[in-house]
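Numbered from 1 within each chain, the chains take letters A, B, ... in sequence-line order.
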Amino acid sequence: MDTKETCRNELRMAIRHLSDRCLYSASKWAAEQLVGIEKDPAKNTPSHTRFQRGSSSVRRRFRTNEVMSTPSAGVSYVSTPSVTLDEDSDAVDSDVYLLAKSYFDCREYRRAAHVLRDETGRKAVFLRCYTLYLAGEKRKEEEMIELEGPLGKSEAVNRELVSLERELSTLRKSRTIDSFGLYLYGLVLKQKGNENLARAVLVESLDSYPWNWNAWSELQSLCMTVEALNSLNLNNHWMKDFFLASAYHELRMHKESLAKYEYLQGIFSFSNYIQAQIAKAQYNLREFEQVEVIFEELLRNDPYRVEDMDMYSNVLYSKECFSALSYLAHRVFLTDKYRPESCCIIGNYYSLKGQHEKSVMYFRRALKLDKNYLSAWTLMGHEYVEMKNTSAAVDAYRRVVDTNPCDYRAWYGLGQAYEMMGMPFYALHYFKKSVFLQPSDSRLWIAMAQCYEKEELYMLEEAIKCYRRAAGCNDTEAIALHKLAKLHSELGRSEGAAFYYKKDLERMEAEEREGPNMVEALMFLATYCKNQKRYEEAEVYCTRLLDYTGPEKETAKSLLRGIRVEKSGFPSMDIEHFPS
Amino acid sequence: IDVSGGPKLKQYGKHRESCLFANLPNYTLRGADASGGVFLRTDWQIQGYSLEQADVIEKHASSFPLNAFESILKQLQKLAPELHTVHFLRYLNSLYHDNYSAALENLHRYFDYSSGRYEIALLCLGMMHFHFGHPKQALEVLTEAVQVSQQVLFGGRWWVEGDRCFVRDGGGGGAVVRSSSELLNNNTQSDDNCLAYTLTAISNLLSEIGALNATGILRSSYSPFSSIGTSLSVQQQLFILLTRSLKRAESLKLKRLVASNHLAIAKFDLTHVQRPLLSFGPKASMKLRTLPPNVCKELRLCSHLITEFGTESSIMTTEGALSTSWLKNLKKPRGSLVLSQENVSGSDTFYFCAQQSSIPGSVQQLLGSSYLVRATSWEMYGSATLARINALAFATCYADTSSSADLALAYAKLIQHLALSKGYKEAFAGLKIAEEKFLSVSKSRIQLVKLQLLHQRAFHRGHLKLAQRLCDELGTLASLATGVDMELKTEASIRHARTLLAANQFSQAALVAHSLFCMCYKFNLQVENATVLLLFAEIHKRSGNAVLGIPYALASLSFCQSFNLDLLKASATLTLAELWLSLGSSHAKRALYLLHGAFPMIFGHGGLELRARANIAEAKCYLSDPSFSVLEDSEVVLEPLRQASEELEVLESLDFRSQKPSFQLYMLDFCKDL
């Protein structure tokens with residue numbers, strides 16, 4: 001049985017297990033991956049072909065490595081744990097369980113729990129605990145909204161946690177707990193702040209039952225450092241690759257994450273999930289063109305998708321694709337306007353239209369729907385900046401970094417805001433933070449350099465250092481080299497200036513760009529070479545300058561004349577007076 | 001609900017802290033209630049509590065329990081997540097526990113949430129850098145604070161030019177903000193106040209870092225000094241800054257700031273030699289001098305505060321202005337005051353605590369500082385008793401309210417006074433008390449006195465190698481940066497030269513004195529140069545070049561006269577007399593005349609060593625006078641000698657003790673002759 005077939009069978013089984021236990025989002029995830037596996041052409045039913053038609057073009061475009069469709073030789077998976085979920089075998093669920101599940105589906109959690117109060121089967125115990133947990137969560141959310149404060153008091157807690165923890169830990173000790181129970185136990189422990197035990201319990205759960213994507217996501221949120229991730233002792237299962245890819249992404253190891261996803265795409269060629277994740281990674285690597293193409297395809301296959309679409313809207317916003325953004329916004333508005341992602345997309349739409357107040361309103365709504373939706377805070381900060389309300393912007397950005405101190409964009413936003421307020425020295429603190437977190441982003445270095453360059457500070461040496469770092473990263477806008485050249489010449493270091501002008505010139509030639517920077521570089525280099533008595537070089541630069549109109553042409557001419565005179569070794573007067 | 005010990009402080013020190021913690025469990029209990037949906041506290045109550053805690057932290061500084069308080073802060077944050085004073089308290093707490101990065105983080109966090117009080121943020125950041133010993137950054141930030149306050153105040157509005165890119169979430173290079181319109185129009189009284197505070201902070205910073213080669217820091221066109229011009233020396237800039245910030249504070253009726261400015265000006269007047277900033281016409285006096293009456297006047301004006309303190313326009317009510325509470329007294333308080341209690345007698349405690357309830361601590365602290373400045377000024381002008389009385393007054397009356405750094409300074413002064421007038425035994429006993437009192441905190445000041453005492457004793461006992469080592473140690477207490485800790489550096493150099501001189505290393509001593517003179521000249525330390533000149537005279541005297549010594553002694557005398565350094569002047573006169581005397585017996589009468597002129601000062605205010613020297617010199621004068629007969633008037637000679645030997649005994653001076661027998665032989669010779 002090949003890998004694909006294994007995965008398919010396992011996923012089919014898992015979907016049944018998960019939806020039986022009302023773990024619907026995990027089952028949704030599994031089902032998405034299931035249909036993402038490429039079918040045997042022989043077995044294709046018409047519906048399958050219809051579903052898979054759209055994706056093929058993306059696949060052709062971005063699947064660089066067909067070899068990857070089989071696992072590389074080095075990876076050996078543990079044999080899939082044979083799941084002996086005795087209760088899941090053909091035995092029929094108890095009537096009470098069926099009733100409880102119906103209650104659950106109607107979101108009547110406490111009723112469901114009550115019905116199961118005397119059941120002892122593992123499945124029933126899990127469902128009872130899970131419903132209790134959800135009942136507690138629901139009450140917590142309600143309290144949070146009821147209590148005063150703009151975003152709710154933070155002290156509302158799930159009151160079921162204590163009793164659940166007690167019960168689940170007893171079950172675990174007596175070894176009468178299944179992997180789903182362990183997952184719930186891990187969830188409870190995480191909420192109670194016992195992260196180490198939560199991690200161990202989740203690993204335990206996943207070792208026995210690896211197809212519960214919910215458990216993987218919880219585990220991933222507990223691995224905020226590379227060390228924590230590496231310290232996990234997990235069995236080798238193909239689900240682990242999904243986990244690692246996602247964890248790498250969160251740890252901002254985008255290249256590694258991308259590689260994993262591309263490998264997984266070999267098996268799950270039509271998975272929308274993987275496509276969206278690849279788009280996310282590309283987005284962070286700032287490959288916007290690719291991201292756009294992927295999302296276009298994604299939207300064609302799955303037109304009512306809202307997940308991850310906020311990122312697409314960001315891309316469209318950055319590229320100022322007004323009509324596409326408008327289309328997207330209207331579409332999500334019709335699909336489900338009260339989802340944080342939808343609000344965010346609509347907010348972006350209004351922002352691009354220049355209606356910043358409306359846009360702030362939608363970002364606020366997004367935050368009301370999900371108060372941990374950090375990108376809405378950041379975007380709101382941007383809006384406030386555009387509305388010139390810098391202190392509100394600072395407040396918004398600060399909320400982001402207080403929740404996630406690694407969000408370099410918000411740090412950068414803070415720096416920008418303070419710089420705008422004429423506090424460059426104060427702003428430096430924030431720029432330093434952002435470059436520390438994302439040292440490979442040239443824009444951050446350039447922003448910091450500009451801050452140092454401000455006339456209030458005028459710390460040119462520091463500015464040069466920053467520009468040098470920016471030039472070291474891929475500075476797509478090519479600001480750094482030009483700035484370096486300029487600063488060097490301003491400080492009277494003509495040798496350094498010549499070095500950077502030359503580099504800048506080479507780059508402009510390679511990218512076939514023209515413009516005032518080109519003229520400036522040629523001018524400087526011509527004069528510099530002449531002064532250095534490197535006449536041939538100077539002549540080359542002067543000749544190139546002759547192609548331009550304007551005063552530069554005249555200067556170049558006179559330079560050329562001067563060069564010729566100096567080369568001949570006679571002062572010009574003599575030649576005119578005594579023609580040969 | 002009274003959440004803390006609060007304003008009704010019955011007792012001080014440990015009691016106060018226990019008060020705080022006694023309330024803690026109570027507090028958490030209420031916190032638990034809160035989850036039941038009943039809120040027993042308003043935000044205002046929590047804010048009030050925070051304000052009070054800020055004061056407590058500032059007072060107790062590093063002795064304030066860091067971790068225990070952190071848990072209270074966590075509780076507070078849970079209770080009122082939208083109230084950000086917690087961050088400020090956390091900032092203060094880490095500041096006083098010298099946790100730089102935590103202080104920086106929390107300061108930024110607090111002001112990010114303060115919606116638009118960014119001038120104060122800068123002011124605080126500047127003070128923080130000052131506290132951590134980064135004068136350059138501090139000045140940079142404070143300069144920015146002045147600019148921002150001025151933009152808000154005088155521009156009324158400000159503009160942002162140019163196009164700017166913002167990173168969209170995920171960073172397209174996208175949105176371009178064309179922001180050429182008004183951003184802030186926040187013209188309030190507090191900005192004005194902030195500017196006043198900032199100016200005072202800058203003046204304090206400048207006077208603290210002294211003659212630090214400030215031109216590197218004060219860049220011409222963007223500093224608040226731009227209108228002053230760059231041709232003036234740092235001291236002159238400082239003087240102008242001081243008067244300006246005084247005026248600003250006066251016009252804003254910020255009483256505490258006015259007093260603080262008066263005090264700063266008094267300190268400035270004390271050591272800085274005045275000369276006309278601009279001289280008009282030929283008659284303009286170019287004479288250098290200090291003006292003790294000015295110092296006196298400033299100190300008196302500072303003390304006026306106590307009658308007016310109640311009326312300061314309060315800027316403490318808004319959240320952001322909380323920060324100013326620790327700026328009221330622009331000082332760097334450090335260490336614990338909790339321990340200071342035991343020394344003060346019971347009745348005193350009661351009295352001063354009763355006072356405390358009606359006078360704000362910051363006012364008391366300011367007044368206390370004025371007593372210290374008084375003590376310092378009398379030390380300089382040469383009244384040992386007045387210096388001692390002021391230091392004592394400070395130590396008894398203001399010990400609870402002042403910062404421990406100030407208190408340590410007062411103790412140091414008292415100990416030094418003991419060493420000079422009562423000898424080392426008593427001084428070391430005093431030092432022991434001080435060391436116990438200050439334990440580890442604020443050690444540098446006490447450490448300094450200890451080294452000074454040890455050096456002096458080793459010097460007097462003739463243990464010159466040890467003295468040299470101690471002197472080197474003393475020098476290491478000073479910062480390596482040029483222009484910083486000048487006082488300490490000068491002192492170390494003087495001691496070094498003296499030690500070399502005692503070892504008869506004349507040329508080396510002269511070398512040290514010379515470089516010291518150059519340094520003092522470079523940094524405009526005129527007052528110190530009077531001492532250095534006297535040192536030159538001493539060097540020449542001991543090396544047997546009396547003729548060369550006399551001009552130095554005379555120069556020193558004239559410096560002392562202009563700068564009103566009376567005791568130093570008496571000491572210079574003594575040296576001059578000794579120099580004349582060593583020129584031969586024909587000058588004995590002149591020497592005696594000079595000596596008698598200086599006697600009132602020397603015997604009234606001089607220390608043991610000076611008095612002994614004067615006594616010996618007097619006896620020598622009589623003995624070398626050919627017209628003087630020992631037999632007829634032996635008491636005239638014997639009495640000063642007896643006194644000198646007593647004084648030297650107390651001083652444990654080996655140097656002179658070895659001379660004592662020689663005097664007795666001397667006497668015997670005379671008796672035999674007869």
Compare all side-chain heavy atoms of A/Q438 with those of A/R252 and state whether any distance is below 4.5 angstrom. yes
Proximal component of A/D441, with respect to chain B [non-hydrogen, under 4.5 Å]: neither
Given that the side chain runs from C-beta out, which part of A/L414 has a heavy atom under 4.5 Å from chain B: side chain, backbone, both or neither? side chain
Is the side chain of A/W411 donor-acceptor paired with the backbone N or O of A/F431 at a distance under 3.5 Å, no angle test? no
For the residue pair A/Y426 and B/H108, establish whether any side-chain heavy-atom pair is separated by less than 4.5 Å. yes
Chain B heavy atoms under 4.5 Å from A/K433: which part of the residue, side chain, backbone, both or neither? side chain
If the plane angle is over 60° it's perpendicular, under 30° parallel, otherwise tilted; pick one for B/H87 and B/Y113. parallel
